[in-house]
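In this text, all values refer to a predicted model and were calculated from it rather than measured experimentally. Just so you know, ligand 1 is whichever comes first in the structure, and atom 1 is the first atom listed for that ligand.
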Amino acid sequence: MHIITLRSLLLAAVITSFVHGEESTVLKDEAAAAAPSHFLNEPAEYRDMRMAWWRQARFGMFIHWGLYAEPAGQWNGKTHYGEWIQNEAQIPLDEYTQITARFNPAKFNAADWVRIAQSSGVKYIVITSKHHDGFCLFDSALTDYTVMHTPFKRDILKELSEECRKQGLKFCTYHSIMDWHHPDYLPRRNWEKRPAEGVDFDRYVQYMKGQLKEIISNYEPAVLWFDGEWEKTWTEERGRDLYHYVRSLKPDIIINNRVGKGRQGMAGTYDPNEAVGDFGTPEQEIPATGLNYDWETCMTMNDHWGYNKADKNYKSGPDLIRKLVDIVSKGGNFLLNVGPTAEGLFPPESIQRLEQIGQWMNVNGDSIYGTTASRFKELPFGRSTTKGNRLYIHIFDWPADGRIILPGLVSNPVSAHFLQDPNCPIGITCEPVNVVLAIPGKALDPVATVIELAFDKIPDMVYGPEIYPEETNFTAPIDVSFSDFVVDGPYRIHYTLDGSDPNSASLYYEEPFTLRNSATVSCLKIARDGQPVSPVSRKHYIRKEPPAKPKK
Ligand code: GLC
C-alpha cells in the first residue's frame, strides 16, 4: 500500500516535471525512495514511470561540440573530417591539445540555442560532455582538459543546463567511454607513439565515474547517452557496473544501451533481457518495422556529427519531417544532430531545417508527442501513430482519387479532421474491414498532412494472415504458408499470385504450396457468407540467380 502510494506520487511528479520542464525535488526524493535497490532487476511498473517523459517526448536534439569544431573538418588539405579528426588525421596528442589555446566560441549563447531547439519542437537536448577526444565541455576537478582551460573559460554544460531548465527542455548528456587523451585509457591508437607502460584501465574507470558524478550532481542530466563502448577493454560486466553506479547517483535517470556491450552495430538493436541499457540506439538508420522495446534513432542533418564547414550535403526539411514521422510511427524517438561552429553558432542550414520542422510540429505536434506506434501493418500512402482512442494518419503521397483506405480498421470513427484545417470536410465510409476517407483533391501539406480520427473506445483492428517465409529473396523453390489457417473454420483464406486482390473465386489455401518463380502473394480471410473478414496481406517474393560457382 505504502509502495503504491509512493509510486503514484512519483508518477505524478514525473508528469508534472515534464509539463513544467523542470526536475522537482519531490521527484528526486520520491525516486530515491521508490527505486528498487538493484537497478538491474527493476519492476516494469517503475521502469514505465521512469521512461514516461522520454516516451512522451519523441523528438530530441543531439549536439556534438568540442575542440574538433575549431578545425571544422579540415586538416592538411583534407576536408572530410568531423569529431574523429584527431584519430583519422592521426594528429599527435600534444598537437591536438594545442587547439585548446584557440577554442573561444565567443558567440555561444545558451538562451539562443535552447530557444532554437525549443521552437523546432524537440523536448530534450543531448550534448557531448566529453567526446572520444577526451575534451570536456564542463568544469571538472579531475582534469585540466576542459573548456575552463581555454580562452573561453565558461562552463558550457552549466549554462546550457540552466537555460534548458528555464525554458522547459530536458537536459541530457552524451559521454564517451573511449578516451584518446586520458593516460590510463586503453587501447592506444595503433598509430600513436604514446607509451602504455604503467597504464591502469581501472584507474581510468575511476576517473570516468568521478566525472559522471560531477556531471550528475552539477547538471542533473535526464539521460546519460554513452558511446565508444566497442573497444575490447570495455566489457558487459563493466557496463553493468557503470549502469548501476549512474542509477544509484540518480535513480530516475535513463541510460542508453551503449553503456554495455549489447549493441549490434549501427542497427543499434540489443536484447534488453540479456544486455544492460534502457533503450536501443540505431545510428543513421530507421528500423524497417520498429522494435519491441524502447529505441531512439540518432541521425545527422548532413554527413557529420561534429561541425564540418565543407559538408553541405544536408537532408531537406521535408525529408527530416518525414523521417521523424516514420520513426514515431514505428514507436521510436528521433535524436537529430546539430554540430555547432567554433564561434558557438548553429550552422544556418541547421537552423533553417529546425525552423521548418518547428512549423510543421506547431500544427501537427499532437500526432507526435505522447503517441505510440502505428496499429496498421502498412499504409502505402504514408504513416500512422496512436494515442488512446485516437489514430493519426500522416499522408505523404496524396491519392489522385481522393480516397484514403485504412485497411483492417473495423471500429467506426466518431470524427475525423485535419490538424491543419479542422473545417475542411472529410467523408467517412465504413466498409466491412476498412474505413475509407474521402479527402480533397489537393494536398493540404505536400510534406505530411495529418488527419486525426477519434473513436469512442480504443479502435478494433483486424489483420490479414501472415505470409511465410519472412525472407523474400530465394534461389531454390520455397514453400509458402499462411498463419491463421483453420480447417473447416468460419472463414477461408483465399489468395492470388499475380498481385491482384483475392476474392471468393480465387484459389483457397489448404496447405503450404511451392513457389518456383518470383510472385506477389496476396491473401485475405473471407467468411462463409462471402464477406471479407480481414484486409489483404501481400508479400513480393523474388527469385534470384544462385551465386556463381567459383571458377577452378
Ligand atoms: C558514433 C561515432 C561518434 C558519434 C556517435 C553518435 O559512435 O563514433 O562520433 O558521436 O556515433 O551516435
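- Counting only heavy atoms of the protein, atom 1 (C) of ligand 1 lies nearest to Glu283 OE2, 3.2 Å.
- Here the protein heavy atom with the shortest distance to atom 5 (C) of ligand 1 is Asp227 OD2, 3.3 Å.
- Here the protein heavy atom with the shortest distance to atom 10 (O) of ligand 1 is His64 NE2, 2.5 Å.
- Residue-ligand proximity, Trp225 to ligand 1, at heavy-atom distances under 4.0 Å covers atoms 12 (O).
- The contact set between ligand 1 and Arg258, taken as ligand atoms under 4.0 Å from a residue heavy atom, comprises 7 (O), 11 (O), 12 (O).
- Looking only at distances, a side-chain donor or acceptor of His182 sits under 3.5 Å from a matching main-chain atom of Asp184.
- Note: no N/O pair closer than 3.5 Å links Arg263 and ligand 1 by distance alone.
- Between the side chain of Gln90 and the main chain of Gln86, no donor-acceptor pair closer than 3.5 Å is present.
- The aromatic rings of Phe279 and Trp54 sit tilted relative to each other, their planes meeting at an angle between 30° and 60°.
- Atom numbering of ligand 1 starts at 1 in the shown order; those under 4.0 Å from a heavy atom of Trp84 are 2 (C), 3 (C), 8 (O), 9 (O).
- Remark: aromatic rings of Tyr68 and Tyr307 are distant, center separation not under 6.0 Å.
- Every atom of ligand 1 with a heavy atom of Tyr174 under 4.0 Å away is listed here by number and element: 10 (O).
- Close contacts of ligand 1 with Cys298, meaning ligand atoms under 4.0 Å from a residue heavy atom, involve 12 (O).
- Contact atoms of ligand 1 toward Glu83: 3 (C), 9 (O) (distance under 4.0 Å to a heavy atom of the residue).
- Taking the six-membered ring where tryptophan is involved, the planes of Trp180 and Trp84 are perpendicular, since the angle between them exceeds 60° and thus also 30°.
- Panel note: side chain Lys130, backbone Leu137; no donor-acceptor pair is recorded below 3.5 Å.
- The aromatic rings of Phe62 and Trp305 sit perpendicular, their planes meeting at an angle over 60°, well past the 30° parallel limit.
- Here the CD1-SG distance, from Ile215 to Cys172, works out to 12.5 Å after rounding to the nearest 0.5 Å.
- Using a 4.0 Å cut-off to heavy atoms of His131, the atoms of ligand 1 that qualify are 3 (C), 4 (C), 9 (O), 10 (O).
- With ligand atoms numbered from 1 in the order given, ligand 1 contributes 7 (O), 8 (O) to contacts under 4.0 Å with heavy atoms of Trp230.
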